[in-house]
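Have a look at the structure below before the remarks.
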Amino acid sequence: MLKKLIWAIFLLALPLHAQDYFFEKYHPFNESIPSPETFLGYPIGAHHTRHDRIVAYLERLSEVSDRATLHEYGRTHEGRRLVILTVSAPENIKELPALKERHLAYTQPNAQLKPDPELPVFINLAYNVHGNEPSSSEAAMLTAYTLVASRNPEILNYLEHAVIFIDPTINPDGRDRHTHWANMYQGKPLVADPQDAEHNEYWPGGRTNHYWFDLNRDWLLAINPESRGKLKWYHEWYPNVVTDFHEMGSRSTYFFEPMKTNGSLNPIMPRENYEDLNNLFGEYYSRALDSIGSLYFTKEVFDGTYPGYGSSYPDLQGGLGLLFEQASSRGHKQKTTFGEITFPFTIRNQYTSSITTVKAAVENKDYLYKYQQDFFSSAISNAEKSRIRAYRFGATNDQNRVKAFIDKLLIHKIEVYKAENGEYLVPTRQAQYRMVQTMFETYDKYRDSVYYDASAWSVANFYHMKYRPVNSFSKGERVNNTE
Ligand SMILES: [Zn+2]
């Protein structure tokens with residue numbers, strides 16, 4: 001009888017603990033909240049999860065817990081939902097509008113605020129901008145579950161001091177293209193041979209969105225609904241820390257920032273971002289990955305010079321953008337020259353970095369707020385040092401082109417005014433001075449001749465806009481939309 005009872009207890013306990021490979025550290029969990037495995041019907045890593053199932057899971061979490069709410073910030077070209085799950089302590093969730101107001105005060109130049117110990121840090125954990133780099137959206141579900149269901153004191157402490165915005169899939173159309181491929185060609189037993197169809201997606205693959213646009217270049221250009229929805233959300237919340245999870249070639253390990261130093265030095269960025277914040281957070285990731293025995297490297301590759309990456313745009317908005325690159329299993333299991341790499345292994349590294357990001361942000365909350373405030377204050381002081389007081393532009397023969405360009409300025413919250421003769425004016429002395437520089441300035445001196453990719457992004461020139469810097473101006477009515 002005792003034996004039977006022990007077996008019964010063991011079997012009952014099994015589903016709850018089957019995914020301990022990922023979150024053993026964060027027990028106990030609230031048993032009334034479904035784990036991803038319970039909800040999906042398979043353990044995380046066994047299949048690739050469709051985006052609608054990911055959204056349905058996050059929706060369920062928001063229904064059963066007072067720690068979470070779900071917000072839709074847009075729809076993709078193919079009609080998939082773009083969502084953010086907001087997670088925090090229930091008392092923070094209740095007070096969110098007031099907390100938001102206090103948080104946004106740090107983005108006002110010269111606000112001269114002291115650190116506020118009661119104010120949570122705002123973190124945006126964002127995943128899967130490249131659809132065929134799938135580990136991170138699976139990690140997003142594990143992270144959401146941990147934050148919503150764990151009763152471990154460590155997690156409860158994070159929830160008290162952080163508001164975490166989980167964007168599980170930035171590119172759902174691309175993700176589902178790849179998800180379908182990987183599940184369709186999955187073998188039973190799994191086939192690790194790199195030549196197998198499962199590991200060799202046909203062109204165009206799932207990296208890009210519906211129109212095969214790389215959304216990880218679209219943060220500046222803002223062409224697609226995924227980026228436009230995200231930018232609108234971004235300028236409502238100005239998170240202190242933003243993650244951008246990727247995968248790279250299979251014959252590698254794991255990468256986190258700092259990036260390659262020379263290529264990354266965008267001259268308009270505060271050096272503190274590269275030199276202090278990245279190193280500070282890097283120490284956290286290195287300790288966390290050591291603790292699970294995963295290999296990693298930093299500084300050797302990648303750069304954040306181009307402002308339209310998901311890991312560089314937040315740097316231009318007073319936050320800390322963080323790139324992660326996991327060696328891909330591209331499929332469920334693949335043989336490489338360094339041994340076999342499995343899908344659950346890649347997911348565990350991304351999950352570990354997700355929770356570690358929350359830890360690092362909470363433990364350096366005051367510093368991140370001071371940095372955010374200094375960033376926007378220095379926008380004004382830097383503008384005052386420049387002889388350029390404003391940019392004037394216009395193209396009277398093509399109002400549609402002017403309208404499209406103004407739309408770009410407005411989506412980045414750049415102030416635009418009417419000027420004489422049908423022209424427009426952008427003053428340099430404004431909180432978004434660095435975006436004004438990004439749009440209008442051109443550079444011809446670089447510290448390095450090697451780039452990850454984009455090295456030019458003068459948006460005014462993309463639009464063939466006639467513009468000129470001016471030393472004095474009188475501005476007319478403010479332009480708030482292009483309707
Ligand atoms: Zn990528």
Side-chain angles (χ1 to χ4, degrees), residues 48-49 51 54 76 82 124-140 143 166-179 181-182 199-221 223-224 226-227 230 242-260 263-264 285 296-315 321-331 334 336 341 343 345-354 357 451-454:
H48 285 58
T49 309
H51 176 70
I54 297 173
T76 68
L82 295 157
N124 176 209
L125 299 177
Y127 300 90
N128 211 176
V129 64
H130 290 144
N132 59 2
E133 300 173 5
S135 54
S136 73
S137 292
E138 311 283 342
T143 304
I166 299 177
D167 182 346
T169 320
I170 299 171
N171 175 16
D173 291 351
R175 174 174 178 91
D176 275 1
R177 217 155 53 226
H178 175 260
T179 294
W181 180 275
H199 314 300
N200 295 282
E201 208 188 359
Y202 283 171
W203 191 85
R207 177 185 175 93
T208 51
N209 77 344
H210 174 79
Y211 282 113
W212 305 347
F213 201 108
D214 187 334
L215 292 177
N216 196 33
R217 306 295 181 274
D218 199 31
W219 283 70
L220 179 65
L221 307 172
I223 304 292
N224 293 280
E226 295 90 342
S227 327
K230 191 59 187 283
V242 180
T243 64
D244 188 24
F245 286 98
H246 291 256
E247 292 184 11
M248 53 187 166
S250 302
R251 281 171 293 181
S252 191
T253 56
Y254 194 79
F255 173 88
F256 54 83
E257 296 198 29
M259 294 174 175
K260 192 176 164 207
S264 280
Y285 300 121
Y296 53 83
F297 67 101
T298 66
K299 287 188 178 172
E300 291 173 27
V301 283
F302 305 116
D303 67 63
T305 314
Y306 171 62
Y309 299 127
S311 54
S312 56
Y313 190 82
D315 292 338
L322 294 163
L323 173 75
F324 299 91
E325 294 272 358
Q326 164 66 49
S328 184
S329 59
R330 206 128 287 157
Q334 194 175 162
T336 78
I341 183 162
F343 194 34
F345 171 78
T346 63
I347 296 166
R348 185 166 70 151
N349 291 334
Q350 308 279 42
Y351 167 75
T352 301
S353 296
S354 301
T357 299
Y451 287 91
Y452 185 66
D453 52 27

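Whatever order the structure lists ligands and atoms in, that order sets their numbers, starting from 1. No hydrogens, no waters, no symmetry mates; every other heavy atom, side chains included, goes into these values.
Scored by the side-chain hydrogen bond (donor to acceptor under 3.5 Å, both in side chains) test, Asp244 finds His246 as partners (sequence neighbours excluded). The ring-ring contact (aromatic ring centres under 6.0 Å, His included) test applied to His178 returns His48, not counting sequence neighbours.
Note on Glu325: not counted as a metal contact of the Zn ion (ligand 1), no N/O/S atom lying under 2.8 Å.
Nearest to the Zn ion (ligand 1), among the N, O or S atoms that His246 has, is ND1. Closest approach between the Zn ion (ligand 1) and any N/O/S atom of His130 involves ND1. Within Glu133, OE1 is the N, O or S atom that lies nearest to the Zn ion (ligand 1).
With contacts defined as side-chain heavy-atom distances shorter than 4.5 Å, the pair Tyr309/Trp219 does not qualify.
Below 30°, between 30° and 60°, or above 60°: for Phe256 and Tyr285 the angle between ring planes is between 30° and 60°, a tilted geometry.
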